[in-house]
Amino acid sequence: MFTLVTWQDYLAADDKFALVEKAIQSYKDSREFSTALDAASYFRGENPTVARKTILRARKMEGRDAAGRRRVRLTTEDVVGNRIPSAFFYRFVTQQNQFLLSEGAILPDLHRDALGPDFGRCLSLMGEKALIHGCCWGYWNGDHLEIIEAARNPYSGFFPLVDEITGEVMLGVQFWQIAPEKPMYIRLFEMDGVTVMRLEGKDLQIVHPKRAYRIQTRKDILGEEICHQENYDALPVIPLYANSECRSELTPAIRAKIDAYDNILSDFGDNLDRANDVYWVLNNFGGTSDDIAEMLEEINRIKAVANLSDGTGNAATAEPHTIEVPYHARQSALQLLEKELYQDYMALDMDALTGSSLTNVAIHCATANLNLKADRYEWQVRQFISRLIDLLGLPAAAVSFRRQWIANESEMVADIAAMRPDIDRRTALQLNPYIRPEDIPALLASAPN
């Protein structure tokens, strides 16, 4: 979490808006902001490390000297080669997030009505951003949850000012620009209200003066009129962390292995490009480089060439050859890195679930690590929902999640049939994966036995 500027610094500042402006620049220059932007790039299928990759290539430079004589010299230059990123991080984040939050959170009717019908979708999107950036912020804006990203692009993001003693979030700063030459907008979340500002160059203007978070209005013939304002007992901007370390799931261990995988794959592509053409070995050929170029041009044009001679009486020959690119070592390295990536992230490799591993026991063993990681992630989601419920003044509620289980459904049906003497019909129908919950009452009514 960003802590270079704190709540105590804000309280001690004579010009608080100037401090906020300085804090925004400090956050943009921070490791937290840079890491979050890099993680978002990996999630989009980009690789900032591989994007800087170049290859060294020989180049012939021709020119003329002062006397007009032609001169040829060899030099080298860095050129852009193959830059092939992978989508490991996208797969990992999507699998972990959807495994837990694909159906949102299961809440009592009272809480579900208060949070609104879109809460489950917002929670899933927040979870995805939290896993990428390390944290995502949820702003309860009157009657709905608004998602605020820690780093949306190089010009937009959010950071808190925390209490140096308790570590509690006391103030939030959201900033955004559509382009670097456009003005920056700032939304300042304080305990007693929210303020919107516009910064263009050195000119800072108040766009919307501070107003309370909860506003009641009434309509009359002249339009809307504010009749009551009040605030919450806590700041209505709540963090959802990816883990207890509040860091992106793109850890240095995961990033290093993705970079190694992408570099090996990109280098292999470069080697294929260099070796995809036929090259010619000219035996007993005494001509100049211009003669060679003329001969190859003739070969490409009519696919044949006459015997050449360098005057010694021996016939010149031209033999085509190709280069076989070695790939076994690279293939082994890629397979090893892929296996290590799945193990380090504790993700489920679907390719491992084949053949004899399709029994439910084997599936549960294969998904054990993913479940352990989801357990750890679930506590962060529970804490976020609990804080949101407290903010709204709702009673404490039991929160549960329906995970995306993988199972051999035919084996489950066979197990239900074996248990049938010991369980009632309703339980058997509820356990059956082929029967939808909403169809159970009709089935029970049609066959009460």
Side-chain angles (χ1 to χ4, degrees), residues 1-38 40 129 133-142 144-215 217 223-226 228-239 391:
M1 181 183 290
F2 177 73
T3 56
L4 293 178
V5 182
T6 64
W7 169 243
Q8 278 75 10
D9 295 330
Y10 181 78
L11 292 177
D14 294 328
D15 188 342
K16 290 180 169 48
F17 289 157
L19 177 74
V20 169
E21 183 181 348
K22 179 181 177 182
I24 290 173
Q25 190 57 50
S26 297
Y27 179 61
K28 285 183 176 180
D29 296 336
S30 69
R31 185 188 65 179
E32 290 84 359
F33 190 67
S34 176
T35 301
L37 290 177
D38 283 350
K129 299 301 181 183
H133 300 146
C135 178
C136 186
W137 300 84
Y139 167 42
W140 186 255
N141 191 356
H144 66 281
L145 188 64
E146 183 179 328
I147 300 172
I148 303 178
E149 299 179 45
R152 190 199 309 169
N153 57 46
Y155 324 111
S156 309
F158 178 94
F159 64 92
L161 298 186
V162 301
D163 191 304
E164 295 175 6
I165 301 173
T166 64
E168 187 70 22
V169 175
M170 304 299 294
L171 183 146
V173 181
Q174 182 188 11
F175 59 95
W176 67 93
Q177 288 175 273
I178 61 172
E181 65 275 4
K182 298 296 181 180
M184 176 190 294
Y185 289 87
I186 304 168
R187 190 156 57 164
L188 195 64
F189 298 95
E190 300 177 83
M191 289 293 183
D192 58 345
V194 57
T195 307
V196 180
M197 298 172 283
R198 180 177 183 270
L199 178 63
E200 187 168 13
K202 298 295 182 181
D203 183 23
L204 183 67
Q205 299 177 347
I206 305 296
V207 178
H208 297 295
K210 185 184 294 185
R211 66 167 179 81
Y213 293 108
R214 305 173 75 175
I215 298 177
T217 61
E224 250 185 20
E225 178 186 359
I226 295 176
H228 182 68
Q229 297 188 51
E230 64 178 356
N231 289 303
Y232 296 100
D233 294 334
L235 194 70
V237 183
I238 303 172
L391 179 77

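Aromatic ring pairs are classed by plane angle as parallel below 30°, tilted from 30° to 60° and perpendicular above 60°; the pair Tyr213 and Tyr139 is perpendicular.
When each of Tyr27, Trp176, Trp137, Phe2 is tested with Phe158 by the rule ring pair (Phe, Tyr, Trp, His ring centres under 6.0 Å), just one qualifies, namely Trp137.
Shown here for Pro239 and Cys135, the closest heavy-atom pair between the two residues is CB-SG, 3.7 Å. Minimum heavy-atom separation, Cys136 to Ile147: SG-CG2, 3.5 Å. Summarising the geometry of Ala212 relative to Asn231, their closest heavy-atom pair is CA-OD1, 3.4 Å, with the distance given to 0.1 Å. Closest heavy-atom contact between Gln8 and Val162: OE1-O, 4.0 Å. For Leu391 against Ala234, the heavy-atom pair with the smallest separation is CD1-O, 3.5 Å. Closest of all the heavy-atom pairs between Val169 and Pro160 is CG1-CB, 3.7 Å.
Judged by distance alone, the side chains of Asp38 and Thr35 never bring a donor and an acceptor atom under 3.5 Å apart.
Note that the OH atom of Tyr155 and the NZ atom of Lys28 stand 8.5 Å from one another [nearest 0.5 Å]. One finds the CE atom of Met184 at 7.5 Å from the CD atom of Gln25 (value rounded to the nearest 0.5 Å). Rounding to the nearest 0.5 Å places CD1 of Ile148 at 12.0 Å from OG of Ser156. The line from CZ of Phe17 to CD1 of Ile206 is 4.0 Å long, rounded to the nearest 0.5 Å. Summarising the geometry, atom OG belonging to Ser30 is positioned 9.0 Å from atom CZ belonging to Phe159; distances are rounded to the nearest 0.5 Å. If you take CD1 on Ile186 and CD on Gln177, they are separated by 9.0 Å, rounding to the nearest 0.5 Å.
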(request) Apply the test side-chain contact (heavy atoms from CB on, under 4.5 Å) to residues Val194 and Leu188: give CA-CA distance (whole Å), side-chain angles for both, the deciding distance (0.1 Å), then the verdict. (result) CA-CA 6 Å; Val194 57; Leu188 195 64; over 6 Å; no
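Listed by first then second residue, pairs satisfying salt bridge (charged side-chain N to carboxylate O under 4.0 Å, His left out) with a partner in residues 179-198 read Glu146-Arg187, Glu190-Lys210, Asp192-Lys210, Arg198-Glu200, not counting sequence neighbours. Sorted by first and then second residue, the pairs that involve residues 162-180 and meet salt bridge (charged side-chain N to carboxylate O under 4.0 Å, His left out), not counting sequence neighbours, are Glu168-Arg387.
Within a 6.0 Å radius of CG in Asp233, other residues, nucleotides and ligands contribute 12 heavy atoms or fewer. Around atom NE2 of His144, more than 12 heavy atoms belonging to other residues, nucleotides or ligands sit under 6.0 Å away. Environment of NZ in Lys22: sparse, with no more than 12 heavy atoms of neighbouring residues, nucleotides or ligands closer than 6.0 Å.
Under a 3.5 Å cut-off, the side chain of Thr6 and the backbone N or O of Leu161 do not form any donor-acceptor pair. Between the side chain of His133 and the backbone N or O of Ala151, at least one donor-acceptor pair lies under 3.5 Å.
Applying the ring pair (Phe, Tyr, Trp, His ring centres under 6.0 Å) rule to Trp7 yields the partners Tyr10; only residues at least two apart in sequence or on another chain are considered.
Looking at Leu171 and Leu235, their side chains never come closer than 4.5 Å, going by heavy atoms from C-beta outward.
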